Asks: 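Here it is, the structure, as structure tokens.
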Amino acid sequence: MQYHFNAIEAKWQKYWAEHQTFKAENNSDKPKYYVLDMFPYPSGAGLHVGHPLGYIASDIYARYKRHKGFNVLHPQGYDSFGLPAEQYAIQTGQHPAITTETNIKTYRRQLDQIGFSFDWSREVRTSSPEYYKWTQWIFIQLFESWYCKNHQCAFPISELEKLFSEEGNSGVNPACDENVELFTAKEWNTMSSEQQQSVLLQYRLTYLAETEVNWCPALGTVLANDEIVNGVSERGGHPVIRKKMTQWSMRISAYAERLLQGLDTIDWTDSLKESQRNWIGKSVGASVTFNVSDHDEVVEVFTTRPDTIFGVSFMTLAPEHDLVSKITTADQKEDVEAYIEATAKRSERERMADVKTISGVFTGAYAEHPFTKEPLPIWIGDYVLAGYGTGAVMSVPCGDQRDYDFAKHFDIAIPNIFEGVDISEEAYGSKDNVKIANSDFLNGMNYKKATKRAIYELEQLGQGEGKTNYRLRDAVFSRQRYWGEPFPVYYVNGKPQMIEKQHLPIILPEVEKYLPTEEGEPPLGRADVWAWSTETNSVVSNAKINNTTIHPLELNTMPGWAGSSWYFFRYMEDAMRDETFASEEALNYWENVDLYIGGSEHATGHLLYSRFWVKFMKDRGFVNVEEPFKKLINQGMILGTSAFIYREDGTNKYFSKGLIADKHVHPIHVKVKYINASDELDIEGLKKDSEFGEDYADAEFTLEDGVYKVGREVEKMSKSKYNVVNPDAICEQYGADSLRLYEMFLGPLEQAKPWNTAGITGVHGFLKKLWKLYIDDNGLKVNDAEPSKEAFKTLHKTIKKVEEDIENFSFNTSVSTFMIAVNELTAQKCTSKAILEPLLIVLSPYAPHIAEELWNRLGNDQSISTAPFPKFEEQYLVESSKNYPISFNGKTRFTLELPLDMSKDDIEKTVMAHEKTIAQLQGREPKKVIVVPGKIVNIVG
RNA sequence: GCUGAAGUGGUGGAAUUGGUAGACACGUUGGACUUAAAAUCCAAUGUCCAUUAGGACGUACGGGUUCAAGUCCCGUCUUCAGUACCA
């Protein structure tokens with residue numbers, strides 16, 4: 001009987017679905033384990049072989065944990081709001097919901113055929129109203145909260161109102177907008193409700209603010225910092241400009257310190273933690289204010305080197321700095337304005353590319369040194385960034401290379417405040433091994449002491465204080481798009497109001513077109529039912545404008561990361577649950593994700609935002625975990641191997657790769673399915689391909705050695721490069737088990753690696769051999785024969801290795817282990833059930849279908865997933881003897897097989913006897929024998 | 001520049017954490033079976049020298065520690081990823 005993988009796989013997939021084999025229980029005596037994949041965005045292209053890599057790894061782990069006696073939650077869903085469906089809608093008029101539904105069907109079919117052990121009863125879709133009701137609800141909770149820096153915790157905004165009415169705002173220490181005005185309790189209580197609302201907006205964890213945003217004209221929307229790569233949009237590569245807009249923002253900066261501290265408590269890779277640390281960008285230093293001479297203004301700067309305060313010889317402002325227009329003297333006005341205009345014209349990209357050119361201009365104004373009262377010229381320069389710190393720096397040319405270069409270029413003084421350091425060539429940027437000089441009360445101190453003293457003295461003067469600065473900016477939360485969560489917000493007199501929970505969800509309305517309106521409003525501005533009636537408490541049609549008091553609803557939608565920041569909690573419960581986003585019992589039982597697998601591209605987006613939301617939800621008591629993902633693994637990308645044919649310029653002639661050296665050719669991508677394992681092109685197949693019509697019909701192919709050789713190159717898998725390998729075709733031809741094993745076999749999980757379909761014959765051959773070990777032409781070969789010692793050894797070696805591999809996430813080496821085991825057992829002619837049955841359990845996480853089939857044929861009527869993982873027993877691996885390498889002066893000459901229980905002295909005696917014989921033969925004196933316990937025998941002379 | 005990861009046959013990659021480098025697989029070559037092909041099976045396959053026996057060299061490069069180094073230490077180079085005028 002042959003191994004009919006297609007039939008076997010279909011059979012068991014159906015069985016698992018019908019029996020709900022992988023349904024997780026919310027009540028169980030077993031310990032819980034939560035294995036999660038980053039849920040996919042269902043794109044129109046469907047899955048290619050790279051997508052399932054992480055899912056296969058997590059599935060192996062989930063199945064393994066079930067064998068190990070855990071109650072495993074392993075869900076899957078779709079991050080189904082997003083730009084591609086909307087772009088497609090703009091082009092075709094097709095509603096994104098329909099496209100999304102179609103794509104999800106394709107995804108589901110493709111996922112099902114690989115045999116994942118997902119509990120589909122908990123599926124979530126971020127675009128379904130049952131789900132985004134709760135995304136909207138969380139938004140409201142953020143609006144109704146403020147963050148107390150003293151307690152490092154978020155509280156309801158009503159508590160802040162109470163504090164304000166009792167003692168004003170001078171005593172509270174909240175995370176809030178900069179430069180909020182101080183008021184007393186009395187002042188607060190006399191404010192109008194509208195005024196109070198305006199004030200509170202400065203403290204809420206999500207707030208409306210006029211912010212400078214990254215506006216992408218081509219996409220008609222704003223983008224977050226992490227959606228911009230090299231100054232252009234991540235999607236589509238369109239230019240991005242700075243623009244001021246009123247936007248919802250998330251006060252993630254309030255959580256900067258906790259987001260940083262929390263990294264120490266979770267098991268993520270160093271590089272990922274490092275990315276987040278860099279993104280948060282904590283720097284400890286001081287804020288210092290410099291009075292501007294002859295003005296009523298001050299320049300506030302942030303510095304990490306307050307110890308170098310006496311080295312300041314000038315100030316530099318960003319060209320966009322508010323003070324520039326106020327302090328520039330009449331003489332300098334023309335130059336300054338010309339400079340500002342010139343920098344504004346330069347795109348972000350140019351400014352980044354051109355970091356070496358030093359440019360700047362003197363404002364004509366001077367600041368006063370806080371201690372020496374010396375006048376310090378105030379310059380503007382584009383090396384100072386408006387978006388970091390205060391947009392102004394105190395320039396210490398002897399201690400900072402950029403200040404140094406600037407000072408040299410404009411011939412500004414470079415006072416040296418370092419003892420015995422030569423600064424004639426470059427600045428001394430190091431904090432170490434140096435003492436401060438020429439600095440009044442700081443003389444002779446090191447960095448640490450001087451910093452402390454400088455801050456103290458500044459505080460005495462009232463011109464500075466110790467300060468910690470974070471690079472992390474608040475996250476803009478509004479998108480001018482259609483296909484996203486609507487905000488549960490309406491406006492009364494321009495002030496945002498939250499819609500009450502019982503009226504959620506606010507359903508995304510139908511629109512005729514998905515583009516922004518002619519007035520430049522977001523697409524929701526086109527909906528004729530996009531207003532809120534406070535009388536009926538419902539969304540009403542704009543047409544009813546005369547019958548009832550209506551208020552405009554927020555027209556923006558939420559960004560992609562809104563729905564993905566909390567979805568892992570929704571899986572804990574029935575996705576249709578309507579009372580809360582998940583029950584308290586479920587949240588208490590599942591806590592957080594034990595293992596999270598996904599791509600590293602989310603390092604500073606999704607993985608930071610979800611940590612922020614979870615910390616917030618913890619503060620407000622909605623969940624009871626501080627971190628969402630205990631352990632995180634980034635799977636590497638599977639790359640495609642593109643194939644090229646070479647067309648001679650201006651002809652329809654194609655030359656084989658070896659013949660192109662002296663010709664003018666250019667490479668053209670061809671479909672990889674026409675290439676065999678030896679890089680030879682199937683010319684007939686290509687000519688007949690309907691996608692290219694007649695393009696290749698009369699093409700002339702010049703061969704070498706009778707074949708056409710193509711060029712190969714490893715690139716990202718992409719439709720346009722014709723290097724996409726479809727898992728459907730692989731499952732069809734080799735089966736899901738082969739695909740699963742091969743994806744693991746390709747290499748370490750976390751590494752990027754190219755796909756090469758040719759290699760799959762190796763693992764496919766293994767599965768056939770495995771089948772033959774159990775089944776032959778007469779049916780089942782397995783019997784109750786007493787297993788041999790060797791068979792036990794093979795089995796237990798395999799158990800041990802695979803268990804270690806899975807725990808260490810090195811799935812690639814397990815596949816080799818299985819191959820060796822099957823080869824050994826075949827050679828031993830093993831037919832014992834006592835060996836072959838447990839072997840199936842060990843294999844089943846990797847190749848569940850064949851394992852389930854053989855398990856069933858061995859007479860088991862329960863799914864193999866209920867079977868406990870076989871226990872490794874050391875005794876079967878213990879050997880009676882061991883090969884000792886015998887080395888002379890470090891060179892291994894021969895090995896001696898000696899019994900394991902031999903004592904050190906006996907080993908020495910035995911080896912000495914050998915040495916004597918050899919020495920006699922070679923006609924020399926015997927050398928001394930040294931035994932290193934347990935390891936090796938040395939003979940030294 | 002900074003941070004992180006890595007460099008092993010023709011290729012993907014192993015190596016129990018300092019103990020016989022190259023497991024396993026692909027590819028290649030030869031053979032068996034077959035009218036033929038596919039499939040399957042067997043053998044060889046790091047490089048060099050040697051008819052053989054055997055030997056020399058070999059984990060990016062240069063040093064070092066050790067009886068013993070792919071593994072540890074110092075220096076250099078290269079590749080990939082992230083980040084960047086962050087004061």
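Not measured: the values here are computed from a predicted model. Residue numbers begin at 1 in each chain, while the letters A, B, ... track the order of the sequences.
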Asks: Taking any heavy-atom pair under 4.0 Å as a contact, classify A/Ser816: base, sugar-phosphate, or nothing.
Replies: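 A/Ser816: base contact, heavy atoms under 4.0 Å.
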Asks: Roughly how many Å is it from CD in A/Glu743 to P in B/G12, rounded to a whole number?
Replies: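 That distance rounds to 18 Å.
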Asks: Are A/Asp474 and A/Ser253 close enough that a side-chain donor and a side-chain acceptor fall under 3.5 Å?
Replies: yes
Asks: Give me the distance, rounded to whole Å, that separates B/U79 from B/U8 when you measure between the C1' atoms they each carry.
Replies: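 Going atom to atom, C1' in each nucleotide, I get 15 Å.
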Asks: I need the OH-P distance between A/Tyr470 and B/C86, as an integer number of Å.
Replies: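 Between P of B/C86 and OH of A/Tyr470: 19 Å.
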Asks: Distance check, C1' atoms only: B/U34 and B/A39, in whole angstrom units.
Replies: 11 Å
Asks: On RNA chain B, does the nearest nucleotide to A/Asp805 precede the nearest nucleotide to A/Gly765 from the 5' side, or the other way round? Give the residue.
Replies: A/Asp805
Asks: Do A/Val393 and A/Tyr383 have side-chain heavy atoms sitting under 4.5 Å apart?
Replies: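 A/Val393 vs A/Tyr383: side chains touch.
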Asks: Please classify the nucleic acid contact of A/Gln751 as base, sugar-phosphate, or nothing, using heavy-atom distances under 4.0 Å.
Replies: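 Result for A/Gln751 = sugar-phosphate.
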Asks: Taking only N and O in the side chain of A/Asn812, is any of them less than 4.0 Å away from OP1 or OP2 of B/A14?
Replies: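 Yes, within the criterion.
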Asks: Can A/Arg277 and A/Glu274 be counted as an ion pair, charged N to O under 4.0 angstrom?
Replies: yes
Asks: When you compare B/G22 with B/C41, how far apart are their P atoms, in angstrom units rounded to a whole number?
Replies: 25 Å
Asks: I'd like the C1' distance from B/U28 over to B/A36, given in whole Å.
Replies: 23 Å
Asks: In whole Å, measure the gap between the C1' atoms of B/U11 and B/C49 for me.
Replies: 27 Å
Asks: NA contact type, A/Lys800, heavy-atom cut-off 4.0 Å: base, sugar-phosphate, or nothing?
Replies: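 If one applies the 4.0 Å heavy-atom cut-off, A/Lys800 turns out to touch nothing in the nucleic acid.
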Asks: Let's see if you can work this out: which of B/A15, B/A5, B/C41 has an atom nearest to the side-chain heavy atoms of A/Asp270?
Replies: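 Side chain of A/Asp270 sits closest to B/A5.
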Asks: Look at the side-chain N and O atoms of A/Lys768 and state whether any lies under 4.0 Å from the OP1 or OP2 oxygen of B/U40.
Replies: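 True: A/Lys768 side-chain N/O within range (under 4.0 Å) of B/U40 OP1/OP2.
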Asks: Between A/Thr390 and A/Glu300, is any side-chain donor less than 3.5 angstrom from a side-chain acceptor?
Replies: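 Per modelled atom types, A/Thr390 and A/Glu300 side chains form no pair under 3.5 Å.
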Asks: Using the side-chain heavy atoms of A/Phe745, tell me which of these nucleotides is nearest: B/C86, B/G12, B/U40.
Replies: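 That would be B/G12.
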Asks: Quick check on RNA chain B: between A/Pro754 and A/Leu272, whose nearest nucleotide comes earlier from the 5' end?
Replies: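 This one resolves to A/Leu272.
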Asks: Look at A/Lys282 together with A/Glu257 and state whether they make a salt bridge at an N to O cut-off of under 4.0 Å.
Replies: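 Counted as a salt bridge, because a side-chain N and a carboxylate O are separated by less than 4.0 Å.
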Asks: Taking the P atom in each of B/C26 and B/U20, what is the distance between them to the nearest angstrom?
Replies: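 Per the computed distance, 26 Å lies between those P atoms.
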Asks: Could you measure between the two P atoms, the one in B/G7 and the one in B/U59, and give it in whole Å?
Replies: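 Taking atom P in both B/G7 and B/U59, they lie 14 Å apart.
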Asks: Under 4.0 Å, counting only non-hydrogen atoms across every strand here, what does A/Thr761 touch: a base, just sugar-phosphate, or nothing?
Replies: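 Sugar-phosphate contact only - A/Thr761 comes under 4.0 Å of backbone atoms but never of a base.
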Asks: Rounding to an integer number of Å, can you tell me how far A/Lys282 NZ sits from B/A87 P?
Replies: 14 Å
Asks: Among the nucleotides B/C26, B/C24, B/C85, which one has an atom lying closest to any side-chain atom of A/Met819?
Replies: B/C24
Asks: When you check the phosphate oxygens OP1 and OP2 of B/A87, does a side-chain N or O of A/Ser283 lie under 4.0 Å from one of them?
Replies: yes
Asks: Taking OP1 and OP2 of B/C86, is either one under 4.0 Å from a side-chain nitrogen or oxygen of A/Arg402?
Replies: yes
Asks: Taking CG from A/Asn808 and P from B/U17, how many angstroms apart are they, rounded to a whole number?
Replies: 12 Å
Asks: Is the ring centre of A/Tyr742 less than 6.0 Å from the ring centre of A/Tyr734?
Replies: no
Asks: Nearest to the side chain of A/Pro748, which nucleotide is it out of B/G13, B/C26, B/C24?
Replies: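 Closest nucleotide to the A/Pro748 side chain: B/G13.
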Asks: Report yes if at least one side-chain N or O of A/Tyr388 is closer than 4.0 Å to OP1 or OP2 of B/A87; otherwise report no.
Replies: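 So the side-chain polar atoms of A/Tyr388 do come within 4.0 Å of the phosphate oxygens OP1 or OP2 of B/A87, strictly under.
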Asks: If I pick the C1' atom on B/A25 and the same atom on B/A15, what distance separates them, to the nearest angstrom?
Replies: 16 Å
Asks: Could you check A/Val324, A/Asp322, A/Val301 and say which one makes a side chain to side chain contact (heavy atoms under 4.5 Å, CB included) with A/Leu317?
Replies: A/Val324
Asks: What form does the base of B/G13 take, syn (within 90° of 0) or anti?
Replies: anti
Asks: Can you tell me the distance, in whole Å, between the NZ atom of A/Lys801 and the P atom of B/A23?
Replies: 14 Å
Asks: What's the closest nucleotide to the A/Ser271 side chain, out of B/G4, B/C86, B/C85?
Replies: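 From the listed options, B/G4 comes nearest.
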Asks: Measure from NZ on A/Lys716 to P on B/A81 and round the result to the nearest Å.
Replies: 10 Å
Asks: Side chain of A/Lys753: nearest nucleotide among B/A5, B/U3, B/G13?
Replies: B/G13
